[in-house]
Number of protein chains: 2
Amino acid sequence: MSCKVGRMVGRPRSEDARRAILRAALRLCERDGYPNVTLKGIAEEAGTGRQTLYRWWRTKAEVLLEAMTDLVADRLAPPPEDLEEFLRDTFALTDGVAGQVVAGLMAEAQSDEALAARLRAELIGPRRAALRQVILDGGPPPGADPELLVDMVFGSMWYRLLNRHAPVDAALARDITALLGRIS
Amino acid sequence: MSCKVGRMVGRPRSEDARRAILRAALRLCERDGYPNVTLKGIAEEAGTGRQTLYRWWRTKAEVLLEAMTDLVADRLAPPPEDLEEFLRDTFALTDGVAGQVVAGLMAEAQSDEALAARLRAELIGPRRAALRQVILDGGPPPGADPELLVDMVFGSMWYRLLNRHAPVDAALARDITALLGRIS
DNA sequence: ACTTTACAGGACACCGTGTCTCGTTTTATC
DNA sequence: GATAAAACGAGACACGGTGTCCTGTAAAGT
C-alpha cells in the first residue's frame, strides 16, 4: 500500500495514528454495532483529524478490513491438519466482534466492488485455499470437486453468519466433518 | 399488514400507488443497482408523494422485500419433486435483478433486525422448508441431519451469490445433486 | 353535508460524506 | 541551523438522503 522503497521525504506516516484508528474502529463496532459506525465517529474516537482517515482509507469498510486482517493474522498462525480442528479454529474467529465485522464487510461489499475484490483477495481467498489444502491432505472423496466442497462448507458458515438461523460453533464443525466423511 | 376487517372509513389505500411504487423500485434497482436506490428516488420515479411511501413502508428494503415476494409468488408456483429440478428453478430466480435484490436485502438485514426477521419468515424460511421437503421425499441419506444438508445446499448458493466467486446456475444444481446422492 | 383517511407536493432540520483550508509538527536534505 | 516536503489535528463547507411536518385536494363511509 504505502511505498516502502525510495527516498521518503517529509513527515512519515504516524504508526500511532494508524493503530489508534484501527482500535477505535473495532471499539465502536463493539459498542454501537458495525452499521452505526461512521468515519466521523472513528476520527473523534481515535482523537485524529478526518483528513488523516481519508488520506489512507476510502471508506469505513477499508478501515475495518485492515483491522480484521491484522486481527486474523494474530490469531490464526498454525494451520492444523485435522479438518474438524481447522473448522473449529475458523468458526471460533466468528465469535464476538469479528463475526459482526465480517458480516458487515460482506454486506458492504454488495455495494462496493473494490471492497469486494479486496475482501476476496485478503480474507476469503486465503481461508478457502487453506480449507482446500486440508481437504486434499485428508484423503478427499475421490470424484468430488474440491471447490464445490469448499463452497458447501464455508457456504453453510456464511449462511448461518448472515442469516443467523443457527450458530457457527464447534457442533457445526463436528457435523460437517462427519458428513464429509460419509461421501463415498 | 393492513386491517382487512372492520369498518374502513376514509379514502381507501390506492392499489395503483402501491403497484407503481413496487414497479418503480425494481426498475430503479435494474437501472442504478440496489445500493443506489433511495426512497426519495422511488417516490419521484413512481410519481408519488414521499409521505405515501413512509405511510406503508419504513425503508427501501421493506419496499423491495414486498416486491420480491410478489415476484417470487408469480414465478414459483409448482414445487417439483426432483431435487435437481427444484434447485435449477430456485437458482434461475437469482438471475437478473432478483439476484441483486436478494443480495442487497441480505446485506441490509445485517443492520436491520426487523428486516432480517421478515426476510427469514417471508422469503428464506419458505424456501428452506420446500428444500427440506424435497430432500425428505427423495430418500434422504439415513443418518444425516436434514437441516445441515439444507444449510450446505442453500449456503453454497448464498455464498456464491454474495461473494460472487462462481455462478449460481444449472451446473451448480447438477453438481450438488450428484454430491448429495453419494452420501452413504 | 360532514368526517375520516389517503393522496401529491413541497419545506424543513438533521446527519454523514467527502473536499478544502488553516496552522503545526516531524522528517530528510542541504 | 535553515529549508522543503509531507503528515498531522482541527474545523468549515456544500451536497444529498432521511424522516417529519404542513398544505391543499381527492375519495370513501355515515
Side-chain angles (χ1 to χ4, degrees), chain A residues 1-25 28-29 31-64 66 104 107-108 110-112 114-115, chain B residues 1-25 28-29 31-64 66 104 107-108 110-112 114-115:
Chain A
M1 193 97 305
S2 56
C3 77
K4 290 192 169 73
V5 295
R7 314 221 170 283
M8 303 247 273
V9 65
R11 178 176 178 176
R13 176 177 184 180
S14 163
E15 182 65 17
D16 284 356
R18 177 181 165 273
R19 269 198 303 266
I21 286 169
L22 296 186
R23 291 188 60 247
L28 288 182
C29 265
R31 201 187 66 189
D32 304 333
Y34 179 94
N36 299 113
V37 174
T38 67
L39 284 171
K40 182 185 282 191
I42 295 175
E44 285 170 6
E45 176 79 9
T48 179
R50 294 212 280 145
Q51 192 65 14
T52 303
L53 264 167
Y54 282 103
R55 191 178 347 257
W56 303 108
W57 298 279
R58 292 190 311 110
T59 62
K60 72 166 172 175
E62 288 195 352
V63 177
L64 284 161
E66 185 164 334
E108 207 131 4
Q110 300 308 308
S111 51
D112 182 345
L115 171 65
Chain B
M1 194 100 304
S2 56
C3 78
K4 289 191 170 74
V5 294
R7 314 217 171 287
M8 302 248 273
V9 63
R11 179 176 177 173
R13 176 177 184 182
S14 163
E15 181 66 18
D16 283 357
R18 176 181 166 274
R19 269 199 303 264
I21 287 169
L22 296 186
R23 292 189 60 245
L28 288 182
C29 264
R31 202 188 66 190
D32 304 334
Y34 179 93
N36 299 113
V37 174
T38 68
L39 284 172
K40 182 186 283 189
I42 295 175
E44 285 170 7
E45 176 79 9
T48 180
R50 294 213 281 145
Q51 192 65 18
T52 301
L53 263 167
Y54 282 103
R55 193 183 337 263
W56 303 107
W57 298 279
R58 292 190 313 108
T59 62
K60 70 165 171 174
E62 288 195 352
V63 178
L64 283 161
E66 185 165 335
E108 207 131 4
Q110 301 308 306
S111 51
D112 183 344
L115 171 65

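All values below come from the heavy atoms of this structure, side chains included, with hydrogens, waters and symmetry mates left out. The sequence lines fix the lettering, A, B, ..., with proteins before strands; numbering per chain opens at 1.
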Scan nucleotides 16-25 of chain C nucleotide by nucleotide, 5' to 3', and note B when protein non-hydrogen atoms come under 4.0 Å of the base, S if they reach only the sugar-phosphate, - if neither. BBBBB----B
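- Residues that satisfy the salt bridge (Lys or Arg N to Asp or Glu O under 4.0 Å) test with B:Arg23, not counting sequence neighbours, are absent from this structure.
- With sequence neighbours excluded, the residues forming a side-chain contact (heavy atoms from CB on, under 4.5 Å) with A:Ala43 are A:Thr48, A:Arg50, A:Leu53, listed by chain and number.
- A search for side-chain contact (heavy atoms from CB on, under 4.5 Å) contacts involving B:Arg31 returns B:Leu28, B:Glu45, not counting sequence neighbours.
- The residue among B:Gly47 and B:Gly10 whose nearest nucleotide of DNA chain C is located toward the 5' end is B:Gly10.
- Put simply, A:Thr48 has a side-chain N or O that comes within less than 4.0 Å of OP1 or OP2 on D:dG9.
- For the pair B:Glu15 CD and D:dA28 P, the interatomic distance rounds to 13 Å; values are reported in whole Å.
- A search for side-chain contact (heavy atoms from CB on, under 4.5 Å) contacts involving B:Asn36 returns B:Asp32, not counting sequence neighbours.
- Nearest-nucleotide mapping onto DNA chain D: of B:Asn36 and A:Thr52, the residue sitting toward the 5' end is A:Thr52.
- Of the candidate nucleotides D:dA7, C:dC7, D:dG9, D:dA7 has the atom nearest to the side chain of A:Arg55.
- Both the sub-6.0 Å distance and the 45° axial angle are satisfied by A:Arg13 relative to the ring of A:Trp56.
- Residue B:Trp57 has no polar side-chain atom (N or O) positioned under 4.0 Å from OP1 or OP2 of D:dG19.
- With sequence neighbours excluded, the residues satisfying side-chain contact (heavy atoms from CB on, under 4.5 Å) with A:Thr59 are A:Ala61, A:Glu62, A:Asp112.
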